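Quick caveat, the model's predicted, so the values are computed rather than measured. Computed over heavy atoms, backbone and side chain alike; hydrogens, waters and symmetry mates excluded. Chain letters run A, B, ... following the sequence lines, proteins first, then strands; residues in each count from 1.
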2 protein chains.
Amino acid sequence: MSVQSVERALDVLEALADHGGEAGLSEIAARTGLPYGTIHRLLQTLLTRGYVRQESDRRYALGGALVRIGGAAERLVGAWAEPYLTKMVELSGETANMAVLEGDFVVYVAQVPSPRRLRMFAEVGRRVLPHSTAVGKVLLAGHPNAAAVFERTGLPRRTEQTITSIATMMTELSVVARQGYAMDLGEEESGVHCLAVPVADGSRVVAAMSVSGPVERVSALDRDELARGLRKIAGDFGAEVFGARSRPAENVRMRG
Amino acid sequence: MSVQSVERALDVLEALADHGGEAGLSEIAARTGLPYGTIHRLLQTLLTRGYVRQESDRRYALGGALVRIGGAAERLVGAWAEPYLTKMVELSGETANMAVLEGDFVVYVAQVPSPRRLRMFAEVGRRVLPHSTAVGKVLLAGHPNAAAVFERTGLPRRTEQTITSIATMMTELSVVARQGYAMDLGEEESGVHCLAVPVADGSRVVAAMSVSGPVERVSALDRDELARGLRKIAGDFGAEVFGARSRPAENVRMRG
DNA sequence: CCACTCTTTTCCACTCTGCGGAAAACTGAT
DNA sequence: ATCAGTTTTCCGCAGAGTGGAAAAGAGTGG
């Protein structure tokens, strides 16, 4: 049995979020179907706690307490990813990573290393330019400001394979957007191949997951089959973290 | 009259946030004083909506829905700052900006221009290196990884005044931390002075606010008095956005 | 300045939701 | 198997939360 008032308060917050972060009481009523008095009472409670603010025109907006508590939750995402990265290691035999965009850089936020003695390693916290990594290509494919990022950072050559032309890179990104995964064929590090897939919150790509290892081993894998498997795992992860949305859903209990 | 169940659900979320993002039910009980049954019922509601997750060891953690809704709130912070930046323009006569750290860069997220014909302008969205800006110094003063940032970015000379030595910069940052404001004395742009102060969420500096203008005008102002005034305004802003915390507080209604 | 319309806020009688203590179940250690 | 600590479930009850209606507020046009 759930707590109705809490469900309703979350409905109100999500109505605000869906309305660009700000709405009038009657707009919230339209989205939630709740009576004005009920909405008003819930909003007053959220107001006093800083989760909602009221503008000078009496409209309501999401509040600063959400920024703080959202930041606290964000710092946990890497830890949540580990069981899924473990599955990727099991599937491919290679080291699995998760990365996010931080400004113009790719930052590795989680990793599960391959059990093999010869393995790729990229320390968590490491930041690299996006152009020469598979995760970087995934994060920028479909990104409205991808060209601007490349204009700012340039595409410095890392290996003989590195793509150094913005035009070639934009073509590459449209391929990535179409096929749903990106490859790094020795572009960041000679002799290392990498395949990366998106982690999405709805239609927004919020992270990328990848597997990487020596070219001989990675190129021996069936690329499309590997991509399908990795996409499935990344999709499950995205659904677990972001999937619950205004409807009760069975939450997968993570097992150690 | 507030909604008790909603207050309690927020208490539970904040107890999790204060406990590193993750806690057992009895730890939440210790922090909130609520009965186990009550906490459990509230957690189940938050669980089904994705605002909380349960780990394999039955402990609870903040959930992905907070990441999403926190991000939605974060996109509004710049708009909230404008009335305070307006006050800073009124106080100083100069253009006022707010900036945040995004990776190794300073990004301007809000601005209110000076009414004068001769005025500073930095377009919202512009990203600059932190070493040669007052806001950058504020954001990195006291930051545990400040030296690492400078090692990555370097301190390229922008003007004759730019600080280009990491050692000198670290000394400068300790002065900034002590006096509570930073100056840019023509370091980013010749002939332009800038004074910046922190916006804090508790002890965390989350943004910086500044005023900047031609050296003749800015240096004619009483620096300490200006800093005091700007700190007061930035403090009010921080208190408004982040201040409400587990206790009902009068929320300042912003006026157009 | 007034009337109108739409929106937000307040009120209050009522009912059913949320409460919390106790019991049951679970988990890890011995 | 037992124990201790923790989490989950149950259920009678009372007061918290409800929602319709009225009051109040704000913006607009004449």
Side-chain angles (χ1 to χ4, degrees), chain A residues 1-16 18-49 51-63 248-256, chain B residues 1-16 18-49 51-63 248-256:
Chain A
M1 181 277 283
S2 71
V3 179
Q4 186 188 56
S5 307
V6 174
E7 298 265 17
R8 289 176 157 191
L10 299 177
D11 288 341
V12 166
L13 285 174
E14 289 173 3
L16 280 169
D18 291 342
H19 209 272
E22 176 186 37
L25 197 134
S26 53
E27 289 164 311
I28 296 170
R31 281 182 181 258
T32 61
L34 295 168
Y36 297 123
T38 302
I39 298 171
H40 191 265
R41 194 172 41 251
L42 295 166
L43 282 169
Q44 289 313 300
T45 303
L46 294 166
L47 199 79
T48 64
R49 297 292 289 265
Y51 287 82
V52 144
R53 322 152 39 87
Q54 191 167 30
E55 310 298 333
S56 57
D57 60 357
R58 302 196 305 177
R59 291 163 67 77
Y60 293 89
L62 296 175
E250 182 184 60
N251 275 261
V252 177
R253 298 279 179 96
M254 288 166 59
R255 295 286 171 258
Chain B
M1 181 276 281
S2 71
V3 179
Q4 186 189 56
S5 308
V6 174
E7 298 265 17
R8 289 175 157 192
L10 299 177
D11 289 341
V12 166
L13 284 174
E14 289 172 3
L16 280 170
D18 291 343
H19 209 271
E22 176 188 37
L25 196 135
S26 52
E27 289 164 310
I28 296 170
R31 282 181 181 259
T32 61
L34 295 169
Y36 297 123
T38 302
I39 297 172
H40 191 266
R41 195 172 41 250
L42 294 166
L43 283 169
Q44 289 313 300
T45 303
L46 294 167
L47 199 79
T48 63
R49 298 291 291 266
Y51 287 82
V52 145
R53 316 151 46 86
Q54 190 167 30
E55 310 299 333
S56 57
D57 60 358
R58 303 195 302 175
R59 291 163 68 77
Y60 293 89
L62 296 175
E250 182 184 60
N251 275 260
V252 177
R253 299 276 180 94
M254 288 165 60
R255 295 287 169 261

Whole-Å distance between [N] [atom2] and [X] [atom1]?
| X | N | atom1 | atom2 | result |
| --- | --- | --- | --- | --- |
| A:Ile39 | D:dT18 | CD1 | C1' | 13 Å |
| B:Leu42 | D:dT7 | CG | C1' | 15 Å |
| A:Leu34 | C:dT8 | CG | C1' | 16 Å |
| B:Glu55 | C:dG28 | CD | C1' | 18 Å |
| B:Asp57 | D:dG5 | CG | P | 19 Å |

For the residue pair [X] and [Y], establish whether any side-chain heavy-atom pair is separated by less than 4.5 Å.
| X | Y | result |
| --- | --- | --- |
| B:Thr45 | A:Glu7 | yes |
| B:Arg8 | B:Leu34 | yes |
| A:Val6 | B:Arg49 | no |

key: Residue list, side chain to side chain contact (heavy atoms under 4.5 Å, CB included) with A:Ala23, at least two apart or on another chain   =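 Per chain and number, A:Ala23 pairs via side chain to side chain contact (heavy atoms under 4.5 Å, CB included) with A:Leu16, A:His19, A:Glu27, A:Ile28.
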
The side chain of [X] is closest to which nucleotide in this list: [options]?
| X | options | value |
| --- | --- | --- |
| A:Gln54 | D:dG5, C:dT9, C:dT7 | C:dT9 |
| B:Gln4 | C:dT7, D:dG5, C:dC19 | C:dC19 |
| B:Arg58 | D:dT18, D:dG25, D:dT7 | D:dT7 |
| B:Leu25 | D:dT18, D:dT8, C:dG20 | D:dT8 |
| B:Tyr60 | C:dT8, D:dT18, D:dT8 | D:dT8 |
| A:Pro35 | C:dT7, D:dG19, C:dG18 | D:dG19 |

First locate atom [atom1] of [X], then atom [atom2] of [Y], and finally report the distance between them rounded to the nearest 0.5 Å.
| X | Y | atom1 | atom2 | value |
| --- | --- | --- | --- | --- |
| A:Glu55 | A:Tyr60 | CD | OH | 11.0 Å |
| A:Ile39 | A:Asp11 | CD1 | CG | 9.5 Å |
| A:Leu46 | A:Leu10 | CG | CG | 8.5 Å |

message = Closer than 4.0 angstrom, basic N to acidic O: yes or no for A:Arg31 and A:Glu14?
response =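 A:Glu14 and A:Arg31: not salt-bridged.
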
query = Would you say B:Ser26 reaches D:dT7's phosphate, i.e. side-chain N/O to OP1/OP2 under 4.0 Å?
reply = yes

note = Contacts of A:Leu43 and A:Ser5 projected onto DNA chain C by closest heavy atom; the upstream (5') one is A:Leu43

inquiry  = Within the 4.0 Å heavy-atom criterion, would you say A:Arg59 contacts the bases, only the backbone, or no part of the nucleic acid?
reply    = nothing

request  = Would you mind classifying the nucleic acid contact of B:Thr38 as base, sugar-phosphate or nothing, using non-hydrogen atoms under 4.0 angstrom?
outcome  =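 Touches a base.
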
ask   = Which pair of non-hydrogen atoms, one from B:Ser26 and one from B:Tyr36, has the smallest distance, and what is that distance?
value = CA-CE2, 3.9 Å

So which protein N/O to nucleotides 10-12 of chain C N/O distances come out below 3.5 Å?
none

note = In short, the helix from C:dC1-D:dG30 to C:dT30-D:dA1 is bent end to end, axes from five pairs each side, to 10°, by 50°

query = Given B:Leu42, which of B:Leu13, B:Leu47, B:Val12 fulfils the side chain to side chain contact (heavy atoms under 4.5 Å, CB included) condition?
reply = B:Val12

